[in-house]
There are 2 protein chains.
Amino acid sequence: MKIKQDLFQAIADPTRRAILTLIAIQALTPNAMAEKFDMTRQAVSKHIKVLHECELIRPEPSGREIYYHFNAKKMQEFDHWLAQFRQSWEVQFNQLDKLLDILKDQDKK
Amino acid sequence: MKIKQDLFQAIADPTRRAILTLIAIQALTPNAMAEKFDMTRQAVSKHIKVLHECELIRPEPSGREIYYHFNAKKMQEFDHWLAQFRQSWEVQFNQLDKLLDILKDQDKK
DNA sequence: AATTTGCGCAACTAATAAGTTGCATATATA
DNA sequence: TATATATGCAACTTATTAGTTGCGCAAATT
């Protein structure tokens, strides 16, 4: 059995990404989320479980309702993972810049 | 049938992420990749297909070998998706800063 | 020309995951 | 206390996918 849900697996599903987009603006209950999507409450509940297990969302009970909040700190891990590639695309874009410079020089001739 | 592989789906697999990390440093052939992982060449070939279909990698034939290069521009799309949440975590961190300020003030008393 | 090597595609198996319905539990309301 | 509502968990079905083996094709080597 899986100890913990994988962060990348969590955002692979479009519905879960939609949930994240929603609650990044405002915390919502499972029922409120289910109303937004064309699926049963139980289906949404499963997505919530996945997002919760990898700590992308955080429950805050309020009476018999549970508001799920967006955990920005966890989302930042993607930002850190992306860091290893930033250098790559800067290099590739610099090469593009060089190419553009060459083309400019050719125009002058 | 799926028209095109999804970017998020592509990076959901740990082996594919490892491939991306490898070729971000240096372009590799399918065989060279397969040697790095404990799986058959065909399995790696499938991952290559997924990464290629969503344009995260780009083939450059060289004789009977094919070097796959990392496409940084495509990975940037993930960066752009993350952008919608950057504001959220800045807000949450600002709130943390405020809290820290409050705690500092309490120390002074 | 014959053989080896690099690669992709097809078929198959096993595991995973998204969705459903049904049920149990806890909180709020009448 | 009885009832309605909010939520999570379990069992099931179906679809997807990661891995395998086997095959065919094209390029390089002998």
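In what follows, chains are A, B, ... by sequence order, proteins preceding strands, each numbered from 1.
Rounded to an integer number of Å, the gap from B:K46 NZ to C:dG8 P is 14 Å. One can place CG of A:N31 at 12 Å from C1' of D:dG8, the figure rounded to the nearest angstrom. As rounded to whole Å, 19 Å separates atom P of C:dT4 from atom CD of B:E65. Here the C1' atom of nucleotide C:dG6 and the CD atom of B:E60 are 17 Å apart, to the nearest Å. Between the CD1 atom of B:I66 and the C1' atom of C:dC9 there is a distance of 13 Å, given to the nearest Å. Rounded to an integer number of Å, the gap from B:R64 CZ to D:dG24 P is 20 Å. Straight-line distance from the NE2 atom of B:H47 to the P atom of C:dC7: 16 Å, rounded to whole Å. C:dG19 atom C1' lies 14 Å from atom CZ of A:R41, rounded to whole Å.
Nearest heavy-atom pair across A:N71 and A:E55 is ND2-O, 2.8 Å. When all heavy atoms are compared, the tightest approach of B:A12 to A:D6 is O-OD2, 3.9 Å.
Counting only heavy atoms from C-beta on, B:R16 has its side chain closest to D:dA18 among D:dT20, C:dT20, D:dA18. Residue B:Q42 has its side chain nearest to D:dT20 when only D:dT7, D:dT20, C:dT20 are considered.
Here B:Q9 reaches the OP1 or OP2 of D:dT17: one of its side-chain N or O atoms lies under 4.0 Å away. Remark: A:S45 is in phosphate contact with D:dG8, judged by side-chain N or O atoms under 4.0 Å from OP1 or OP2. Contact between the side-chain N/O atoms of B:H52 and the OP1/OP2 oxygens of C:dG8 is not found at any separation under 4.0 Å.
Toward the 5' end of DNA chain C, the nearer of the two residues B:I48 and A:T40, judged by each one's closest nucleotide, is B:I48. Where B:A32 and A:V50 each meet DNA chain C at their nearest nucleotide, the meeting point lying more 5' is that of B:A32.
Here A:F70 and B:F85 bring their ring centres to under 6.0 angstrom of each other. You'll find the ring centres of A:F8 and B:F8 outside the 6.0 Å limit.
Between A:E77 and A:K74 there is a salt bridge, since a side-chain N of the basic residue sits under 4.0 Å from a carboxylate O of the acidic one.
Here B:Y68 lies in heavy-atom contact (under 4.0 Å) with sugar-phosphate atoms only.
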